[in-house]
Engineer: 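Quick one: the structure is below, and I'll ask about it shortly.
All values below were derived from every heavy atom in this structure, side-chain atoms included, with hydrogens, water molecules and symmetry-related copies excluded. Quick caveat: nothing in here was measured; it's all calculated off a predicted structure.
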Amino acid sequence: FLLMKLTASQIDNLFKFTRKHYVYHYDVQSELVDHLANDIESIWQETPNLSFEQARDKSFKKFGVFGFMDVIEAKQKQMNKRYWKILLRFVKEWFTMPKLLTTILMFSGIYLVLQVQYSKFIILGSLLLAIIFESVYLYKDRQAQKKKTEKKEKIFLLEAMIGQTKGGFVSIAFVNIFNFIHVTKVEFSSLETHWLLLIAFCTTVVMIIFYVTSYVIPNKCQELLQETYPEYKLAKSL
């Protein structure tokens with residue numbers, strides 16, 4: 001049989017087809033389009049009389065009743081693992097020189113504050129200010145992301161994950177810590193030293209994770225995307 005190749009407009013149709021079936025990230029779309037294109041060409045070898053749409057739909061049916069959802073879920077799990085490796089890499093830096101000195105100073109400062117009478121209110125006030133500041137920052141960031149979506153810019157899965165995690169950490173960690181401290185009746189200054197050391201250490205780690213997820217990783221987003229996706233630069237320029 002004569003091998004039939006897909007045209008540029010048919011490839012474009014496949015990208016639109018994947019988006020129509022809830023695949024929003026360009027890297028996942030590309031992988032699926034590549035798979036569909038190869039499969040369509042194989043189908044045409046067996047039944048060359050089928051139209052492009054018929055061959056495409058026949059290929060899509062092979063994904064089963066849930067369509068592309070299993071592929072999306074698998075890619076998200078894979079990228080989640082990669083994201084946590086990136087996060088761990090940057091967090092580890094805070095426990096090596098020269099950043100270790102800043103970490104020790106942060107830990108010591110928190111430990112000293114915990115020993116002050118009514119330290120609970122100092123911590124609550126600091127958390128409230130952080131939540132307000134970050135909420136404003138996240139609102140502006142969400143508006144920027146919305147404009148990207150409206151312009152139909154190519155968004156990669158890791159890129160979306162970096163943006164989502166940046167907002168998620170604040171809403172989950174800071175708000176929950178604020179609520180927990182607010183409802184507890186314990187005065188930190190009355191606790192034994194080992195408890196104060198543990199709380200200071202945990203707070204230091206939370207602050208480092210917050211800084212890494214909200215500032216370090218987003219600022220290195222382009223670098224990380226180029227490291228993860230060899231096609232990133234080319235895709236963004238198209």
Engineer: For C221 and I217, run side-chain contact (heavy atoms from CB on, under 4.5 Å): C-alpha distance rounded to whole Å, both residues' side-chain angles, the deciding distance at 0.1 Å, then the answer.
Structural biologist: CA-CA 6 Å; C221 185; I217 293 177; over 6 Å; no
Engineer: Can you find a pair of side-chain heavy atoms, one from T7 and one from I11, that are under 4.5 Å apart?
Structural biologist: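 Counting from C-beta outward, T7 and I11 never come under 4.5 Å.
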Engineer: Compare all side-chain heavy atoms of T203 with those of I123 and state whether any distance is below 4.5 angstrom.
Structural biologist: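 No, side chains not in contact.
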Engineer: What's the separation between atom OG1 in T204 and atom CH2 in W94, rounded to the nearest 0.5 Å?
Structural biologist: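 Result: 11.0 Å between the selected atoms.
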Engineer: Would you call the rings of F60 and H21 parallel, tilted or perpendicular if under 30° counts as parallel and over 60° as perpendicular?
Structural biologist: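 Taking H21 first and then F60, their aromatic rings sit tilted (interplane angle of 30° to 60°).
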Engineer: Linking I/L/V/M/F/W/Y whenever any side-chain heavy atoms sit under 4.5 Å apart, do Y215 and L158 land together?
Structural biologist: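 The answer is yes; both residues are in one hydrophobic cluster.
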Engineer: In terms of hydrophobic clustering (I, L, V, M, F, W, Y; side-chain heavy atoms under 4.5 Å; direct or indirect links), are F66 and V28 co-clustered?
Structural biologist: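 In one cluster with F66: V28, yes.
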Engineer: Under the criterion ring-ring contact (aromatic ring centres under 6.0 Å, His included), I'd like the reasoning laid out for Y26 against F15: C-alpha separation, chi angles, the key distance, then a yes or no.
Structural biologist: CA-CA 9 Å; Y26 182 74; F15 272 103; 5.6 Å; yes
Engineer: Do the side-chain N and O atoms of Q222 and Y232 include a donor-acceptor pair separated by under 3.5 angstrom?
Structural biologist: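 A pair is found: one side chain offers a donor N or O, the other an acceptor, under 3.5 Å apart.
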Engineer: Side chain of T102, backbone of P98: donor and acceptor closer than 3.5 Å?
Structural biologist: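 Not a single qualifying donor-acceptor pair exists.
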Engineer: Do the side chains of L32 and M69 join up, straight or via other hydrophobic residues, at under 4.5 Å, putting them in one cluster?
Structural biologist: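 Yes.
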Engineer: Can a salt bridge be assigned to the pair E227 and K85 using a cut-off of 4.0 Å between side-chain N and carboxylate O?
Structural biologist: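 Answer for the salt bridge query: no.
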Engineer: Nearest 0.5 Å, what's the CG-CZ distance between D39 and R56?
Structural biologist: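 The CZ atom of R56 is 13.5 Å from CG of D39, to the nearest 0.5 Å.
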Engineer: For a quick test of reading the model, state the closest non-hydrogen atom pair linking L197 to F107 and the distance between them.
Structural biologist: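 Here L197 and F107 meet closest at O-CE1, 3.5 Å.
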Engineer: For W44 versus A55, what's the shortest heavy-atom pair and its separation?
Structural biologist: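 For W44 and A55, the tightest heavy-atom pair comes out as NE1-CB, 3.8 Å.
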Engineer: Any link between I104 and L112 through a network of hydrophobic side chains (Ile, Leu, Val, Met, Phe, Trp, Tyr) touching at under 4.5 Å?
Structural biologist: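 In one cluster: no.
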Engineer: Mark yes when over 12 heavy atoms from residues, nucleotides or ligands other than K99 sit less than 6.0 Å from its NZ; otherwise mark no.
Structural biologist: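 Yes.
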Engineer: To the nearest 0.5 Å, tell me how far L87 CG sits from W84 CH2.
Structural biologist: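 Going from CG on L87 over to CH2 on W84, the span is 5.5 Å.
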Engineer: Within the side chain of Q54, is there an N or O that forms a donor-acceptor pair under 3.5 Å with the backbone of S51?
Structural biologist: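 It does hold such a pair.
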Engineer: Applying side-chain contact (heavy atoms from CB on, under 4.5 Å) to L196 and Q115, what does each step give before you reach the verdict?
Structural biologist: CA-CA 8 Å; L196 292 178; Q115 293 181 80; 3.8 Å; yes
Engineer: Check the pair F90, I208 against side-chain contact (heavy atoms from CB on, under 4.5 Å), reporting the backbone distance first and the verdict last.
Structural biologist: CA-CA 9 Å; F90 287 117; I208 289 169; over 6 Å; no
Engineer: Is any side-chain heavy atom of Y111 closer than 4.5 Å to one of F201?
Structural biologist: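 SC-SC contact between F201 and Y111 ruled out.
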Engineer: Once you round to the nearest 0.5 Å, how far does CG of D12 lie from CG of L6?
Structural biologist: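 D12 CG to L6 CG: 11.5 Å, rounded to 0.5 Å.
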Engineer: Regarding E93 and R89, does a basic nitrogen lie under 4.0 Å from an acidic carboxylate oxygen?
Structural biologist: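 Judged by the 4.0 Å cut-off on N to carboxylate O distance, E93 and R89 do not form a salt bridge.
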Engineer: Return the orientation label for the Y229 and F156 ring planes: parallel under 30°, perpendicular over 60°, tilted otherwise.
Structural biologist: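 Taking F156 first and then Y229, their aromatic rings sit tilted (interplane angle of 30° to 60°).
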Engineer: Under a 4.5 Å side-chain heavy-atom rule over Ile, Leu, Val, Met, Phe, Trp and Tyr, are M207 and L198 clustered together?
Structural biologist: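 Yes: a chain of side-chain contacts under 4.5 Å links M207 to L198.
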Engineer: Check whether any side-chain heavy atom of V71 lies under 4.5 Å from a side-chain heavy atom of V23, and answer yes or no.
Structural biologist: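 No, too far: nothing below the 4.5 Å cut-off.
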Engineer: For Q29 and T18, work out which heavy atoms get closest and say how close.
Structural biologist: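 For Q29 and T18, the tightest heavy-atom pair comes out as CG-OG1, 3.5 Å.
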Engineer: Is any side-chain heavy atom of T228 closer than 4.5 Å to a side-chain heavy atom of Y83?
Structural biologist: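 A side-chain contact under 4.5 Å is absent here.
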Engineer: If you count heavy atoms of other groups shown closer than 6.0 angstrom to NZ of K62, is the number above 12?
Structural biologist: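 Yes, the 6.0 Å shell around NZ holds more than 12 heavy atoms from other groups.
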Engineer: Taking K61 first and then D57, would you say they form a salt bridge - that is, a charged N and a carboxylate O separated by under 4.0 Å?
Structural biologist: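 Looking at K61 and D57, the cut-off is not met.
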Engineer: Report the distance from atom NZ of K58 to atom CD of E46, rounding to the nearest 0.5 Å.
Structural biologist: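 Interatomic distance, K58 NZ to E46 CD, rounded to 0.5 Å: 6.5 Å.
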Engineer: Could you tell me if the side chain of T103 sits less than 4.5 Å from the side chain of F95, heavy atoms only?
Structural biologist: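 Of all side-chain heavy-atom pairs linking T103 with F95, at least one is under 4.5 Å.
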Engineer: State, to 0.1 Å, how close L157 and K75 come at their nearest heavy-atom pair, and which atoms those are.
Structural biologist: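 Minimum heavy-atom separation between L157 and K75: CD2-O, 3.6 Å.
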Engineer: Do you know which two heavy atoms are closest between I162 and P218, and how far apart they sit?
Structural biologist: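 For I162 and P218, the tightest heavy-atom pair comes out as CG2-CA, 3.9 Å.
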Engineer: Under 3.5 Å, side chain of D34 to main-chain N/O of S30, donor-acceptor pair present?
Structural biologist: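 Checked: no pair found.
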Engineer: Can you tell me how far CD1 of I110 sits from CE of M106, rounded to the nearest 0.5 angstrom?
Structural biologist: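 Answer for the CE-CD1 pair, M106 versus I110, is 6.5 Å.
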Engineer: Please walk me through it: do I40 and L14 pass side-chain contact (heavy atoms from CB on, under 4.5 Å)?
Structural biologist: CA-CA 11 Å; I40 289 167; L14 290 179; 4.0 Å; yes
Engineer: Using the six-membered ring wherever Trp is involved, compare the ring planes of F63 and F68 and label them parallel, tilted or perpendicular (cut-offs 30° and 60°).
Structural biologist: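 Taking F68 first and then F63, their aromatic rings stand perpendicular (interplane angle over 60°).
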